[in-house]
Amino acid sequence: MDYQFKDIEKKWQAFWAANQTFKADNESSKPKYYVLDMFPYPSGAGLHVGHPLGYIASDIFSRYKRLKGFNVLHPMGYDSFGLPAEQYAIQTGQHPAITTEENIATYRRQLDQIGFSFDWSREVRTSSPGYYKWTQWIFMQLFNSWYNKDADKAESIDVLVKKFESNGSAGIDAVCDDDTLSFTAAEWKAMSHDERQSELLKYRLTYLRESTVNWCAALGTVLANDEVKDGFSERGGYPVEQKKMMQWSMRITAYAERLLQGLDKIDWPDPLKEMQRNWIGKSIGAMVKFPLESRVKNQESGAEISYLEVFTTRVDTIFGVSYMVIAPEHELVQALTTPEHKAGIDACIAQTKKKSELDRMADTKTISGAFTGSYVVNPLNGDKVQVWIADYVLAGYGTGCVMGVPSGDQRDYLFAKHFNLPIIPIIDIQNIETEADPTKEGKYINSGFINGMGYKEATAAVIAKLESMGMGSGKINYRMRDAIFGRQRYWGEPVPVYFKDGLPYLIKEEELPLVLPEVDKYLPTESGEPPLARAEGWRYSADAAYELSTMPGWAGSSWYWYRYMDAQNDTAFASEKAIAYWKDVDLYIGGSEHATGHLLYSRFWNKFLKDMGLVVEEEPFKKLINQGMIQGRSNFVYRVSDAEGRGTNMFVSHGLKAQYHTTPIHVDVNIVENDILDIAKFKKWRDDFADAEFILENGKYICGVEVEKMSKSKYNVVNPDDIIERYGADTLRMYEMFLGPLEQSKPWNTNGIEGVFKFLRKFWRLFHNDAWEFSVSDNEPSRAELKSLHKIILKVQEDIERFSFNTSVSSFMIAVNELTDLKCNKRQILQDMVIILSPYAPHICEELWVLLGNAPGTLSYATYPKFNPEYLVENEFSYPISINGKTKTNINFSLSLDDKEIEDQIVAHAELQKYLEGKAIKKVIVVKGRIINIVI
RNA sequence: GCCCAGGUGGUGGAACUGGUAGACACGCAGGACUUAAAAUCCUGUUCCCGUCAAAGGAGUGCGGGUUCGAUUCCCGCCCUGGGUACCA
């Protein structure tokens with residue numbers, strides 16, 4: 001029979017499901033190996049061709065590891081809470097659970113078609129109560145914990161309470177809020193219950209704090225940065241401003257140093273580690289207090305403030321300070337502003353509120369700021385320094401307050417130039433005519449007692465001086481901020497907390513899961529409360545209301561790999577035994593776009609769970625591979641605008657669009673063929689295009705093209721379904737690998753898929769005679785056949801172990817081409833070929849495996865063939881001969897000759913004379929088995 | 001802006017540790033088989049100049065550098081993609 005991929009694939013997928021071929025056991029005499037994929041968010045667009053890229057790679061690896069004798073855990077699930085389902089719910093009224101359920105069914109069908117060796121008995125869904133019960137449970141453990149810096153780990157809050165009871169707050173070294181009180185044991189005991197709870201909240205690893213959010217008053221909701229475009233909501237185009245709001249936060253900063261140190265112990269791509277290091281942003285510097293010329297009152301806390309404190313990494317430049325800047329949202333701004341400057345300050349704050357943090361940092365061209373009218377005093381030279389506000393200073397980083405040193409910092413330089421503030425040179429070799437010079441070389445000038453010193457000496461001297469004055473000290477600062485953990489959304493895990501007298505308390509453990517209540521609409525209430533406020537009668541008790549915000553998208557994904565170890569467990573997030581067996585993830589494959597989100601939060605929760613003694617490894621993912629993103633190829637039509645700039649019904653072809661005013665509109669790539677629009681389909685595609693008219697070129701409408709992220713909203717999603725229908729899953733699997741290096745991003749195209757399909761047919765044909773009858777020979781293989789086989793045994797093994805799947809597909813092609821040329825149909829060769837190819841193309845291999853006379857289903861647990869180097873031994877090599885680095889010819893030499901012997905023969909070689917142009921040979925470089933270079 | 005990655009024929013890519021640039025495919029051109037098409041097979045295919053054949057020259061985003069030798073290492077620039085804390 002010819003290669004009937006449809007029948008074969010259906011048959012084996014059914015076989016694997018019926019026999020639970022890939023079910024992993026939680027005990028085994030084999031070594032364990034845990035291969036994890038980043039689980040997908042089940043979007044309404046279905047699985048697109050980008051998803052399987054990583055899954056195919058991990059599946060090849062899993063199948064390979066089974067062949068190598070490992071007990072492999074390879075699970076799959078769904079990260080099923082998220083914004084898109086909620087937005088869809090808002091538009092249609094459809095409950096997100098229903099949408100999600102449907103999407104998951106689609107995903108499952110699509111995944112099954114590709115022939116993955118997942119253990120589906122362990123499937124997880126973050127939105128199912130049986131799962132999020134444990135997400136809530138972990139939240140509770142965090143709430144019940146504090147970070148003890150002395151022990152350098154999280155501990156139960158009860159330990160802290162005991163310390164307070166015996167010694168008060170003395171000697172406590174915790175990661176906590178900066179407004180904790182000092183008290184004795186007696187004072188602690190004298191506190192009211194509420195006072196104690198309020199104090200403890202400042203230490204808990206999940207806690208409430210004021211955070212800035214994108215607030216859209218018109219929609220009455222908080223928006224993701226994603227939903228905000230240029231200061232307006234993407235939906236509706238309403239203005240968005242920055243607003244402060246009480247939010248749940250996670251004290252991830254407690255783990256900053258451990259998150260940083262842990263990077264050295266894991267096998268992750270260096271760029272990704274680098275991104276995390278930069279995100280954590282450890283900087284060694286100093287805190288410096290600048291006394292205020294006159295004291296002010298903090299209007300929020302009522303405290304008297306006598307100084308502004310800054311963090312700086314260049315304390316040595318303190319004599320170059322010519323102004324001070326605080327963030328526009330800094331709590332002292334109003335207090336520092338003098339009446340005559342109030343108008344300017346208020347205008348500046350209003351401007352800032354319109355910009356997101358990202359805009360503020362990205363925009364270095366517009367320099368804006370305002371003088372408050374107040375002054376501080378430089379503690380080292382007594383200079384009076386103006387206090388400004390400027391939006392390049394962020395309240396969330398450091399102290400929200402920066403000392404301006406224009407000679408050493410470019411942003412400060414531009415700011416000083418713009419507002420005519422002094423620029424003081426402080427280092428002798430500094431050149432500050434046109435820009436700042438941040439040099440650390442040279443000797444200090446204009447710098448009081450450090451004049452003449454070098455950088456290191458000066459830094460130490462300044463810190464020592466500040467410490468002796470009580471005006472500063474050395475300090476390590478992290479750029480990373482605590483993670484905001486509340487979302488004003490419906491489709492997420494409810495936070496297992498209720499409020500009584502304004503203080504948060506956990507619900508009881510036996511009350512878990514706190515199930516997401518039903519609501520009439522998925523929008524915020526008219527008064528701007530989150531959607532959960534709509535749930536009627538949903539309160540903890542008559543005098544205690546539930547927390548109304550839900551958890552962020554990353555909550556459920558921060559521990560899911562443990563759930564796979566013991567997915568059905570009802571009494572723990574995973575049993576101690578299961579965790580002790582599987583321990584951690586050996587190989588994790590996913591996109592680098594998660595570098596500073598998911599991958600950091602997961603490490604954080606893992607470290608916390610380790611501190612609690614609940615898991616055994618400090619790091620969750622031993623080895624990580626980033627698969628590249630398969631990008632979409634978007635098509636555009638160009639809508640012509642009229643004189644007033646309004647869109648018309650007329651669309652102009654790409655080549656002629658320069659003659660009109662146009663707006664590009666994404667068009668579904670499925671109604672475009674080779675960039676030519678199918679006009680009939682276009683008119684049917686959306687109602688508002690039914691009467692569209694077109695300006696064509698050469699009778700065709702040519703669409704514009706752009707490469708961007710594959711996404712439903714860009715109408716550029718390509719499903720794997722069509723490809724499977726046409727070529728089968730084995731072809732899809734091999735083609736996605738053949739497309740290029742796993743780690744590289746690339747736009748999707750199907751240009752080369754025919755070649756892969758032809759390869760599989762060619763492979764099938766090796767086992768069949770001209771009449772398509774199965775026919776293999778039991779004769780001894782020839783030396784040439786064995787050479788082809790052992791070349792591929794070695795190559796595929798090496799390639800899989802360095803995740804170079806594209807090159808092994810090429811090698812398979814070469815091997816099959818060679819065996820076809822040799823007309824090889826020897827069982828000894830072909831049986832091993834089937835095993836080697838099976839991780840890549842499992843269906844066809846299962847079929848051939850059985851045709852070869854093996855028991856069905858045993859291929860997955862067969863043994864990878866052993867490589868024998870004897871078959872590859874060569875005794876001669878055709879050396880490329882280059883003259884001054886330019887290859888001229890090839891000459892054969894025995895590989896047993898040493899460099900000197902080759903050199904002697906080269907010098908005497910007659911054939912080379914014509915290349916030497918009569919010049920003398922200066923030097924001969926022989927690289928054994930590689931190249932010979934003659935220098936003349 | 002900042003952080004990270006990438007840029008090689010008409011296309012996807014290969015060259016793993018500084019050692020023959022373009023493997024393997026796609027596409028294209030020509031041919032075989034066929035009434036025809038599909039399928040299959042064979043030959044050619046980086047560019048320029050040129051030939052019966054050859055022999056030259058250029059060439060891995062751009063400009064420099066190190067080296068006997070650079071796609072690979074270093075410096076500067078340009079372009080593209082990802083992240084930038086409420087997309088996941």
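Chain A is the first sequence line, chain B the second, and so forth, proteins listed ahead of strands; every chain is numbered from 1.
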Inset, instruction - Would you mind reading off the distance between A:Glu754 atom CD and B:rA25 atom P, rounded to a whole angstrom? - result: 14 Å
Inset, instruction - Report the distance from atom CD1 of A:Ile934 to atom P of B:rG19, rounded to the nearest whole Å. - result: 19 Å
Legend entry - Length of the line joining A:Asn626:CG and B:rA88:P, which is rounded to integer Å: 19 Å
Legend entry - Nucleotide B:rC86, atom P - distance to CD of A:Glu86 in whole Å: 16 Å
Inset, instruction - Verify whether one side chain among A:Ser127 and A:Tyr132 offers a donor that lies under 3.5 Å from an acceptor in the other. - result: no
Legend entry - A:Asn817 side chain, from C-beta outward: closest of B:rC24, B:rG13, B:rG12: B:rC24
Inset, instruction - Report the nucleotide, chosen from B:rC26, B:rG83, B:rC24, that has the shortest atom-to-atom distance to any side-chain atom of A:Thr596. - result: B:rG83
Inset, instruction - Would you kindly say whether A:Trp491 and A:Thr550 are connected by a side-chain donor-acceptor distance under 3.5 Å? - result: no
Legend entry - A:Glu593 side chain, from C-beta outward: closest of B:rG12, B:rG83, B:rC26: B:rG83
Legend entry - Side-chain N or O of A:Arg802 closer than 4.0 Å to phosphate OP1/OP2 of B:rC16: no
Inset, instruction - Would you kindly give the NZ-to-P distance between A:Lys928 and B:rG18, to the nearest whole Å? - result: 22 Å
Got a list of protein N/O to nucleotides 1-7 of chain B N/O distances below 3.5 Å?
| unit_1 | atom_1 | unit_2 | atom_2 | d |
| --- | --- | --- | --- | --- |
| B:rG1 | O4' | A:Ala362 | O | 3.4 |
| B:rC3 | O3' | A:Asn278 | ND2 | 3.0 |
| B:rC3 | O2' | A:Asn278 | ND2 | 2.7 |

Inset, instruction - Select one nucleotide: of B:rU40, B:rG19, B:rG12, the one nearest the side-chain heavy atoms of A:Lys758. - result: B:rU40
Inset, instruction - Can you tell me the distance, in whole Å, between the CD1 atom of A:Ile925 and the P atom of B:rG69? - result: 8 Å
Legend entry - B:rU20 phosphate, OP1 or OP2, under 4.0 Å from A:Asn890 side-chain N/O: no
Legend entry - Shortest side-chain distance from A:Met813, nucleotide among B:rC68, B:rA25, B:rG82: B:rA25
Inset, instruction - Please determine, for the side chain of A:Asn933, which listed nucleotide (B:rU40, B:rC68, B:rC16) has the closest atom? - result: B:rC68
Inset, instruction - Report the glycosidic orientation of B:rG6: syn if within 90° of 0, anti in every other case. - result: anti
Inset, instruction - Round to the nearest Å and state the distance from A:His598 atom NE2 to B:rU84 atom P. - result: 14 Å
Inset, instruction - Looking only at side-chain atoms of A:Ile484, point me to the closest of B:rC86, B:rU20, B:rG19. - result: B:rC86
Inset, instruction - Answer with base, sugar-phosphate or nothing: what part of the nucleic acid does A:Pro741 contact at a heavy-atom distance below 4.0 Å? - result: sugar-phosphate
Legend entry - Short side-chain N/O contact to B:rC87 OP1/OP2 from A:Ser43, under 4.0 Å: no
Legend entry - Nucleotide-level pairing of RNA chain B, given in dot-bracket where Watson-Crick and G-U pairs need both distances under 3.5 Å and | marks other strands: (((((((..(((......[....)))((((((.......))))))(((.......)))..(((((..]....))))))))))))....
Legend entry - Nucleotide nearest A:Arg765 when distance is taken to its side chain, options B:rG19, B:rC24, B:rU40: B:rU40
Legend entry - Shortest side-chain distance from A:Thr807, nucleotide among B:rC41, B:rA15, B:rA88: B:rA15
Legend entry - Rounded distance in Å - CG (A:Asn806) to P (B:rC24): 15 Å
Inset, instruction - Would you tell me whether A:Gln488 and A:Gln247 have side-chain atoms, one donor and one acceptor, within less than 3.5 Å of each other? - result: yes
Inset, instruction - Just call it for A:Arg487: base, sugar-phosphate, or nothing, with non-hydrogen atoms closer than 4.0 Å on any strand. - result: base
Inset, instruction - May I ask you to check whether A:Gln87 and A:Tyr522 show a side-chain donor-acceptor distance below 3.5 Å? - result: no
Legend entry - Nucleotide of B:rG83, B:rA39, B:rC41 approaching A:Arg761 most closely (side-chain heavy atoms): B:rA39
What does the list of N/O pairs under 3.5 Å between the protein and nucleotides 78-81 of chain B look like, with a distance for each?
| unit_1 | atom_1 | unit_2 | atom_2 | d |
| --- | --- | --- | --- | --- |
| B:rG81 | O2' | A:Gln631 | NE2 | 2.8 |

